[in-house]
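A, B, ... follow the sequence lines: proteins, then strands. Residue 1 opens every chain.
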Amino acid sequence: MQHDLFDTRAAGPGEPRPLADGAWHLPGFALEGELALLAAVAAISAAAPFRQMDTPGGYRMSVAMSNAGSLGWVSDAHGYRYATIDPLSGQPWPALPECMLQLAQAAAAAAGFAHFQPDACLVNRYAPGSKLALHQDRDERDFSAPIVSVSLGLPAVFLLGGLRRSDPTQKVLLQHGDVVVWGGPARLRYHGVSTLKPGLHPLLGAQRINLTLRRAA
DNA sequence: AAGTACCA
DNA sequence: CCCT
């Protein structure tokens, strides 16, 4: 049976793979810095614990979220927005760790987006069963900066659609250390993550952590 | 699919 | 509206 789910990766980084005009899969791009990234995630979640946010429609997201940087993405009954203060702690979000900034800039450059200056990192924690429905990232002030997405822990199927929700999606298997970058003509493409399958990752156990770096302001 | 309540 |  033919399937369209690419499995890249041997042991290390692979060749950048174009997904669409302005969208790239960088297999293993974050592997070299994995330990620093994991330590940074631990520090972030100690200050700004993961929490499942509510949607304006009255549902609770299955993915647990935290943020680092001067702005953090939040959702509640009133809507989606970026906030300077973590509504859970009442404190500013933890600073964007240097290792995340460096990685995001290098990945953006590798995908053809120079001078990426992210000011926000949304940290998503997927437990088995968690998913993220198809959506666009449109709460940022300008769409000229790309989105850089870093996958850690359990593998997941990333769905990349088009500019309309009804456009067909391609499935991309994202493994620990993979990075996806989309910007330019792909910046507003719909995207999502299929339901996470159970499993145990050697470093992270039964979870997937996704870092999404963006310029919000 | 439409509700939700916000907003481009 | 990244939700069901």
Side-chain angles (χ1 to χ4, degrees), chain A residues 19-20 22-23 25 41 44-45 48-88 93 100 104 118-174 178-197 207-217:
Chain A
L19 299 174
H25 178 198
V41 169
I44 291 168
S45 64
F50 288 109
R51 82 295 306 261
Q52 289 172 257
M53 298 184 187
D54 295 324
T55 68
Y59 294 91
R60 178 152 298 174
M61 301 182 74
S62 62
V63 176
M65 300 179 164
S66 182
N67 289 279
S70 54
L71 289 167
W73 186 87
V74 294
S75 175
D76 60 21
H78 302 311
Y80 306 143
R81 63 196 174 278
Y82 281 94
T84 58
I85 299 295
D86 174 0
L88 191 60
W93 301 100
M100 293 186 183
D119 55 11
C121 178
L122 176 59
V123 185
N124 290 159
R125 187 184 65 190
Y126 295 74
S130 297
K131 63 184 186 312
L132 203 54
L134 268 195
H135 66 278
Q136 294 172 298
D137 288 5
R138 19 184 349 139
D139 299 318
E140 298 74 28
R141 294 183 58 91
D142 83 272
F143 301 137
S144 60
I147 303 287
V148 173
S149 167
V150 181
S151 294
L152 298 168
L154 287 178
V157 176
F158 178 69
L159 304 171
L160 181 63
L163 298 179
R164 297 170 307 191
R165 189 185 288 275
S166 58
D167 288 339
T169 59
Q170 52 182 310
K171 296 168 155 55
V172 181
L173 179 65
L174 296 184
D178 285 4
V179 176
V180 176
V181 181
W182 64 98
R187 176 60 179 75
L188 287 175
R189 277 181 179 258
Y190 278 86
H191 56 281
V193 176
S194 299
T195 306
L196 197 80
K197 295 209 285 262
Q207 61 181 338
R208 169 177 187 259
I209 300 287
N210 179 69
L211 313 174
T212 315
L213 291 117
R214 51 285 287 288
R215 166 149 283 265

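Protein chain A contacts DNA chain B over a range whose 5' and 3' limits, counting nucleotides with an atom under 4.0 angstrom from a non-hydrogen atom, are B:dG3 to B:dC6.
Among the pairs that DNA chain C forms, none builds a region of at least three successive Watson-Crick or G-U pairs under 3.5 Å.
The backbone N or O of A:Gly161 sits nowhere less than 3.5 Å from a side-chain atom of A:Asp167 that would complete a donor-acceptor pair. No side-chain donor-acceptor contact under 3.5 Å links A:His191 to the backbone of A:Gln136. Between the side chain of A:Arg165 and the backbone N or O of A:Leu134, at least one donor-acceptor pair lies under 3.5 Å.
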Kindly give the atom pairs (protein nitrogen or oxygen, nucleotide nitrogen or oxygen) under 3.5 Å for nucleotides 2-4 of chain C.
unit_1	atom_1	unit_2	atom_2	d
C:dC2	OP2	A:Arg165	NH2	2.0
C:dC2	N4	A:Trp73	NE1	3.0
C:dC2	N4	A:Asp139	OD2	2.8
C:dC3	OP1	A:Ala133	N	3.4
C:dC3	OP2	A:Ala133	N	2.6
C:dT4	OP1	A:Lys131	NZ	3.3
C:dT4	OP2	A:Lys131	NZ	3.4

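Residues A:Leu160 and A:His25 form no side-chain contact, since every pair of their non-hydrogen atoms from C-beta on lies 4.5 Å or further apart. A heavy-atom distance below 4.5 Å is found between the side chains of A:Val179 and A:Val181.
Ionic pairing of A:Asp137 and A:Arg187 is not present here: no N-O contact between side-chain nitrogen and carboxylate oxygen is shorter than 4.0 angstrom. We find that A:Asp86 and A:Arg51 are joined by a salt bridge, their nearest charged nitrogen and carboxylate oxygen being less than 4.0 Å apart.
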Determine whether A:Asp76 and A:Arg81 satisfy the following criterion, salt bridge (charged side-chain N to carboxylate O under 4.0 Å, His left out), listing intermediate values before the conclusion. CA-CA 9 Å; A:Asp76 60 21; A:Arg81 63 196 174 278; 2.5 Å; yes
In sequence, state the C-alpha distance, the side-chain angles, and the governing distance for A:Val41 and A:Leu211, and then conclude on side chain to side chain contact (heavy atoms under 4.5 Å, CB included). CA-CA 9 Å; A:Val41 169; A:Leu211 313 174; 3.8 Å; yes
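The CG atom of A:Leu71 lies 10.5 Å from the CD1 atom of A:Ile85; values are rounded to the nearest 0.5 Å.
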